[in-house]
Amino acid sequence: MSLVAAEGIGRVIERVDDEPLTILTDVSLRVEPGERVSIVGRSGSGKSTLLNLLGMLDLPTSGRLEIAGEDVLSMSSRRRDRLRGANIGFVFQQFNLLDGRTASENVQMPLVYAGGSSYWRREAMADDMLDRVGLSHRRRSLPQSLSGGEQQRVAIARALVRRPRLILADEPTGALDVDTGISIMDLLDEIVAEEQSASITITHDPAIAALSERHYRLASGSLDEAVFA
Amino acid sequence: MNAMVTSVLGVLVEAWQEIRVHRARVLLSLLGVAIAVCALSASVAAASLAQQAIAEQNEVSGGRDATLSINAYPSDASPAALDAIDEAWAKSVERHRMDFVSNVTNTGLSVRFPSGAVETNVTIVNPSYLEMHRVRLTDGTWFAADDDERLVPAVVVDEHFYEALGSPPLDSHPVTSIDGDPAHRVVVIGTFTPPYDMGMPAAYILPDGAERVLPHDALAASGRTFEAWVPPADIDVLMGQLEAEMRASLGSSVSVDVSRTDAAAYTNGEDPLLPLRMLTNAVAVVILVLGALSLLNISVVTMRQRIREVGIRRSFGASSARVFSAVLLESVLGTLVAGFAGVTAAVLILSMPSVRELFAAGGLSDPPPFPMDAAFLGIGSALAVGVLAGALPATIAVRVKVIDAIRS
């Protein structure tokens with residue numbers, strides 16, 4: 001069973017006073033557990049839209065999409081929320097940490113929705129994950145007092161704290177300098193490998209994309225396999 | 001079960017974190033609610049206290065709920081006729097096991113003061129009269145059971161009487177004389193504040209003392225008046241029974257009249273403060289509505305600024321129901337805290353000595369604790385405002401698309 005199985009999915013946006021806008025057409029993609037996949041493309045090529053569809057933040061207007069063997073289009077919104085929370089971790093370009101909360105509280109946030117023992121052990125689990133990204137000494141720090149690299153490491157810890165089977169990273173190095181970006185990607189790859197999670201990284205940087213096992217290029221709403229030397 | 005518990009606790013944790021992180025905004029936005037709840041609770045409580053003051057004033061003059069009065073006038077004003085009335089009344093008191101009864105016969109007599117003899121209003125009472133009519137003692141003591149045995153009958157006097165006597169220390173057992181042949185002496189054991197200033201001295205005296213010092217003519221002319229403080233549910237039946245018993249016992253030579261004297265006899269259960277209460281409540285409700293609108297306005301604006309945070313939470317598994325609950329609970333938690341603060345402020349305001357003195361001046365001698373209905377109304381209103389002011393931003397939070405929220 002594939003972790004992600006997208007068959008001919010498309011996304012068209014209806015506009016009130018204009019023609020419908022086609023963003024994605026007939027995209028097919030399979031990702032197996034533990035695989036690392038990258039998707040490159042220019043700005044406006046539909047990369048983020050594809051990532052949002054794979055993360056069930058948005059729904060395709062055509063095609064078939066299964067996540068962890070479940071048909072996304074036929075399930076309820078509540079079920080999608082649960083499936084997303086339990087199986088998918090997001091890493092955003094702009095980090096998207098919650099203001100006013102410490103690094104530890106940010107990492108604990110997904111565990112508040114996990115329930116069960118994860119809820120009760122959330123502080124210890126968050127601190128453990130911060131330790132793994134090398135930020136145990138900053139767990140009481142607020143986001144505004146952290147550097148960009150540190151914020152992204154907190155975001156990675158948050159994405160991985162529920163041990164998701166799939167990490168979706170949307171331009172994870174886009175807001176960082178080159179050296180910090182590479183160290184962040186090394187860290188992300190290392191932890192994803194340790195956790196035996198799969199990852200799909202969206203980037204416009206071929207050097208970052210080359211770090212993955214399989215590469216795709218998204219252009220004009222279509223996805224094709226790409227080869228990086 | 002565990003999932004439900006953690007879900008509920010999770011919502012509380014989220015709501016509390018939000019209040020903690022944005023405490024300055026939350027405090028400012030809730031200030032209006034706290035003031036409104038304080039105004040609402042204080043006005044309701046003040047109206048209750050005012051009602052209690054009026055009730056006490058009524059009880060001072062007409063007796064407590066329910067007080068009945070029996071007047072018996074013999075056509076033959078002989079000592080034997082008065083004794084027969086006393087005997088018939090004693091039998092009725094025993095038969096109906098009435099605990100709070102008193103002789104309440106008014107008469108007038110001339111008392112000798114240093115400045116000369118002055119006509120004085122004297123009321124013959126039993127010790128129970130103190131509780132039945134909330135007599136407010138200002139100094140000294142009220143009658144005790146053994147005061148009947150005093151060689152010199154005891155009297156409790158008002159300020160006019162006391163001042164006319166020269167305001168002597170009560171522990172010096174001041175004595176004065178009542179005009180008559182022979183003149184009798186009485187000793188002042190206490191002073192009281194009369195419910196109404198009649199511009200002349202007034203005094204209370206026990207029945208046995210009255211028999212010894214008052215002229216028989218004065219006693220016979222006044223007949224006998226008794227009062228009983230009985231359960232309100234029994235009064236209608238009891239009035240009929242007492243009248244029948246007294247008439248049967250005394251015969252046609254004594255005119256017997258039974259009536260109810262407490263406030264309920266002439267207010268018909270209506271609240272004399274209703275118009276004032278409605279006015280103050282209306283003002284408080286307007287303040288509450290303004291506070292709620294202010295909170296709603298701030299909540300909606302704040303939610304538009306927090307929409308990205310909602311998107312982030314949704315991307316990590318928060319369901320729309322969970323987000324709705326958290327936003328709603330955040331509002332409810334905040335307004336509940338504001339409600340408790342408002343009610344506490346109202347309690348403190350009404351406990352201030354200056355405010356208590358104001359009510360005491362209005363006749364309130366037995367101030368009740370802060371009315372629980374006012375406290376519950378304040379907390380309930382705060383809860384309702386929290387739900388109303390939280391529902392709209394919560395709806396906004398769940399209606400926005402997750403991807404739009406994250407990009408905002």
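Only this structure's heavy atoms are used, side chains among them; waters, hydrogens and symmetry mates stay out. Every chain is numbered from 1, with letters handed out A, B, ... down the list of sequences.
Judged by distance alone, the side chain of A/S197 and the main-chain N or O of A/P164 form a donor-acceptor pair under 3.5 Å. Using a distance-only test at 3.5 Å, with no hydrogens or angles considered, a donor-acceptor pair links the side chain of B/T335 to the main chain of B/V332. Between the A/S76 side chain and the A/R79 main chain, a donor and an acceptor come within less than 3.5 Å of each other. B/E18 places no side-chain N or O within 3.5 Å of a backbone atom of B/V13 that could act as its donor or acceptor partner. The closest donor-acceptor contact from the side chain of B/T395 to the backbone of B/A391 lies under 3.5 Å.
Between chain B and the options A/G89, A/P110, A/A86, heavy-atom pairs under 4.5 Å are most frequent for A/P110.
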Practice problem: Apply side chain to side chain donor-acceptor pair (under 3.5 Å) to A/R162 and A/Y113, showing your working. | Solution: CA-CA 10 Å; A/R162 281 187 75 176; A/Y113 307 118; over 6 Å; no

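Interface residue B/R314: backbone and side-chain heavy atoms are both found under 4.5 Å from chain A. Neither the backbone nor the side chain of A/R80 comes within less than 4.5 Å of any heavy atom in chain B. Heavy atoms of B/R308 lying under 4.5 Å from chain A belong exclusively to its side chain. Using a 4.5 Å cut-off between heavy atoms, A/F90 touches chain B through backbone and side chain atoms alike.
Scanning residues 99-108 of chain A against chain B with a 4.5 Å heavy-atom cutoff picks out A/D99, A/G100, A/R101, A/E105, ordered by number. Using non-hydrogen atoms only and a strict 4.5 Å limit, the part of residues 47-68 of chain A facing chain B consists of A/S48, A/T49, A/N52, A/L57, A/D58.
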